[in-house]
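Every chain is numbered from 1 and lettered A, B, ... according to where its sequence line falls, protein lines coming before strand lines.
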Amino acid sequence: MSPSRRVRRTVLLASTLVIAVLGVACSAPSSTGGSGDGTELVLAEAYEDETLHPLMGYAVDGASKLFDGLLTHDAARVVQPALATEVPEPSTDGRSYTVRLREGVRFHDGSSFEAADVVATYRTLLDPASASPLTTEFAMISGVAEVDERTVRFDLAYPYAPFPHKLVLGIVPSEAVAEPGPLEDSAFNSEPVGTGPFRLAEWRKGDRMIMEANESYWDGAPEIKRLVVVFAIDDNTRAQRMRSGEFDGTVMPPALAETFRGLDGYRVISHTSADYRTIMLPTGNPVTGDPGVRLALNHAANRQGMIDALLAGHGAPAYTPIPEVLGTYAEPSAQFGFDPARAEQILEQAGWVPDPGGTRARDGVPARFTLMYPASDTVRKDLAQAFASDARAVGVDIELEGLGWEAIEPRMGADALVLGGGTPFDPDLVSYQLLHSSFAADGFNNPGSYANPEVDAALDVARRSTDEAERVDAYQRFQHAYVADPAMVFLTFLEHTYVVRDGWQGYQRIVDPHAHGVTWGPWWNLQDWTPAA
Amino acid sequence: MGSVVEPAGLDTGGVSERSERATGHNSTAQGAPSRTRAIGWLVARRLAFAVPVMVIVSAAMFALAAASPFDPIYQYYGVQIFTASDEDIARARIELGLDDSMVVQFGRWAGGLLSGDLGDSRSLRQPVAEVIAERLPWTLLLVTVGLVIAMLVALVVGIVAAWRQGGWFDRVVTGAAQAIEGIPAFVLALGAIALFALGLGWLPVAGLTDAGADATVGQVARHLVLPAAVLGVSQSPWLLLHVRQSLLGALADDHVTGARARGLSERVVVLRHALPTALLPFVTLIGARVPELVTGAVLVEVVFSWPGVAAAVVQAALAVDYPLLATLTLFATAAVLLGSLLADVLTAVLDPRVATDG
């Protein structure tokens, strides 16, 4: 055989061998995902937690699988006792709460749970040397004291009605926070020890986290014995892996989740949330500082159109920061109808007259301002573009800029911003820091420096009063006062969409807080799930 | 840097020098031992040169990070930044030492490095040593297998293309190599996933193992195929075209014509006479491609969710995580310096004509 043919044969043989080896390797049976024996659940996350330390911000809304708080939320967002024996009542002046603790609870490492652990947790959080990101959230606490081994007393700087909602924070062992100093240096960030229904078995960073059932959990060991959370950041890849059967459930953007609708063995679940998106209009800007412009823009925005076009219908229109799910607190008449004609009328009355180019102007100042949005967030970008086109229709010219948060922060006082946030547990948690004048331009709180004395008064009354009827009345007044002179243009409350594989019982629908991913969603009460019969 | 030798430019001098060497004499009197010593001096000089290079690179990295617009407080607070007050943020900045000058931070890090403490990674909330220990093996595995694949593909395909120059194989390969050279690694990666993982279902989509499975040899091997193949294929076009070009040049050399004239088989002529000469610049090329390999690894690891050290680089840069970023930059610099040193040493060992004063 000629040499060239011999070489060709060798190459051919070698490549056939390589392909054969690959083929053999590839035909090895793949694992069928979690529900083989019904006690393992595999979930996929879009974001990886950076820390598992509750004082560094892990699961600050509760529903952490690894930790318990003194209280917890049930499906109706009512606080229920967890590590406390009952929901604490405030003292007569509303500035002190005494909590009795459950007996016989043990941490994952076997040490017993005592009052000293609660005191250590909260004191470390408030200690400036810890540099905890949560200090502002708990600024109302002036002191924590151990009354005896089973009782703790919280002293507040002022009466704070929603305080029980704060007590869902996970409790850590006192030994873990014994040394003062920045919390970020603590090994506890990666090796947490809590009292929760699951314990951390393995965390391979960048890849996955495995949790195992805590057999000696005070509320009964969970039936799910192994929980695997895989980090798959890219939405499309995650959807494909879900389709190939690798996961039992995951969170997904609405459009991708819709592709699973009707598929055998899968369920698409969508949760309403209190997660709002709003156009923050600063009072320091000559155009948005005019209350007439702000009111007109609220009427010019086509909220339902944005929801239908941009969110595939997954969303609820928003007019104030208080979502409908907050029941009696929400005021259904506090609304702005979509009425471009009315918007134009308001602008005319305020003195904004259209010039030949179509943009309105007043005393030589054109109705033009810049709207910023975080460049990495496509939903906010879409909302910004839709809002700009709605504003264009009534003669207000908006320029869009996609920026990083570091570039946005110094400009928030002068330029508009697509802001987001929200929580479904109490109206104070979502509205006070956002709209009260005492928080004007304080970090990202009230970035537009909105100051409305009626709104301030109503929010103060509602925060300090412990009488339910008084609070409801105060929030109604707040919403009416806000609608008369709006600070922002609230657009929508988002809906979170999830895809879940059949085979499990125990799912209960809830309203999601802002938190992303699988801590909440359909899996907020995983410890109560059982395999389907 | 070492000198790149182009065999085609030495055809007049090559024959006489080669005949001199064939009789066992070198131009200098001592012969082989002095060559070894010369190479040893080359290594020593390079290692000594490496130290100031690494110091300058890490100082430059600190300066760049200090000038970057990213503020580490955002990564530290995460979603809590939106409800934190200015006062609390300012206090946290002081506690964390974020506003210390670049010089102070560099000094702190360098001092820790010299005493063996690599510092703590803020973005991953772990000691840097732990981050490296957990992630580096996976990156090394990926990069080594990728490099081996790149070399094999470049050698085999390049040799066959040069041998059958002008044939259909040569034309297809050259065109394809030019095309792949222009395609970014992540586009290749996504295309490979779409074809092999989703379309044909032969290979897993991403990750180190199947979800929930342990990291056994079988699992990792199966998940390594696609990322390593993509990395290798994305690095191979340049090497392939170079092998092909140098082999074509070597095939035109006098000594090859001489070998053919002596009646040796074509296979022996190509593989035993032309190829060794053509491979000399190939070794240096590999050393020069190490930086490309590093950046290719970053892209591939991100797309395939491979938990290696390169994926942590992006996160560290966005979070202005000085300790982790500095250590990873040092690693990358060391890898590049080591790669080029190895390539030059190999070239010096293989080809006695190469000067060792680089």
Please classify the contact between Y76(B) and chain A as side chain, backbone, both or neither, with a heavy-atom cut-off of under 4.5 Å.
both
Side chain, backbone, both or neither: which part of E50(A) has a non-hydrogen atom closer than 4.5 Å to chain B?
both
Audit row: E48(A), W203(A), side-chain hydrogen bond (donor to acceptor under 3.5 Å, both in side chains) steps and yes/no:
CA-CA 11 Å; E48(A) 181 175 6; W203(A) 184 10; 3.2 Å; yes
Max heavy-atom pair count under 4.5 Å with chain A, selected residue of A312(B), S85(B), A197(B)
S85(B)
Examine whether an atom of L96(B) lies under 4.5 Å from a heavy atom of chain A, and if so say whether it belongs to the side chain, the backbone or both; otherwise answer neither.
side chain
Hey, is the main chain of P128(A) close enough, under 3.5 Å, to the side chain of R91(B) for a donor-acceptor pair?
no
Would you say the side-chain atoms of D49(A) pair up with the backbone N or O of T51(A), donor to acceptor, closer than 3.5 Å?
no
Using 4.0 Å as the upper bound for N to carboxylate O, is an ion pair formed by R208(A) and E202(A)?
yes
Please look at A311(B) and chain A and tell me whether the side chain, the backbone, both or neither of the residue comes under 4.5 angstrom of a heavy atom of that chain.
neither
Segment of D120(B) engaging chain A (4.5 angstrom heavy-atom cut-off):
side chain
Region of S123(B) that comes under 4.5 Å of a non-hydrogen atom in chain A:
backbone
Which atoms of T135(A) are under 4.5 Å from chain B, going by heavy atoms: the side chain, the backbone, both sets, or neither?
both
Could you tell me which portion of R204(A) (side chain, backbone, both or neither) has an atom closer than 4.5 angstrom to a non-hydrogen atom of chain B?
side chain
Among the options G218(B), P204(B), A206(B), S121(B), pick out the one with the most heavy-atom pairs lying under 4.5 Å from chain A.
A206(B)
Ignoring hydrogens and geometry, is there a side-chain-to-backbone donor-acceptor pair from E212(A) to R226(A) under 3.5 Å?
no
Without swapping roles, check the side chain of S130(A) against the backbone of T124(A) for a donor-acceptor pair under 3.5 Å.
yes
For G443(A), is there any backbone N or O sitting under 3.5 Å from a side-chain donor or acceptor partner on D86(B)?
yes
Tell me, side chain or backbone of P182(A) under 4.5 Å from chain B's heavy atoms, or both, or neither?
side chain
Taking the six-membered ring for Trp, are the ring centroids of Y58(A) and H53(A) within less than 6.0 Å of each other?
no
Please classify the contact of E87(B) with chain A as side chain, backbone, both or neither, using a heavy-atom distance under 4.5 Å.
backbone
Checking N445(A) against chain B: side chain, backbone, both or neither under 4.5 Å from a heavy atom?
both
Quick one: do D99(B) and R93(B) make a salt bridge, cutoff under 4.0 Å?
yes
When the 4.5 angstrom heavy-atom criterion is applied to A441(A) and chain B, the contacting part is backbone
Of the backbone (N, CA, C, O) and the side chain (C-beta and beyond), which part of R122(B) lies under 4.5 Å from a heavy atom of chain A, both, or neither?
both
Compute the centroid of each ring, for Y77(B) and then for W405(A), and state whether the two points are separated by less than 6.0 Å.
no
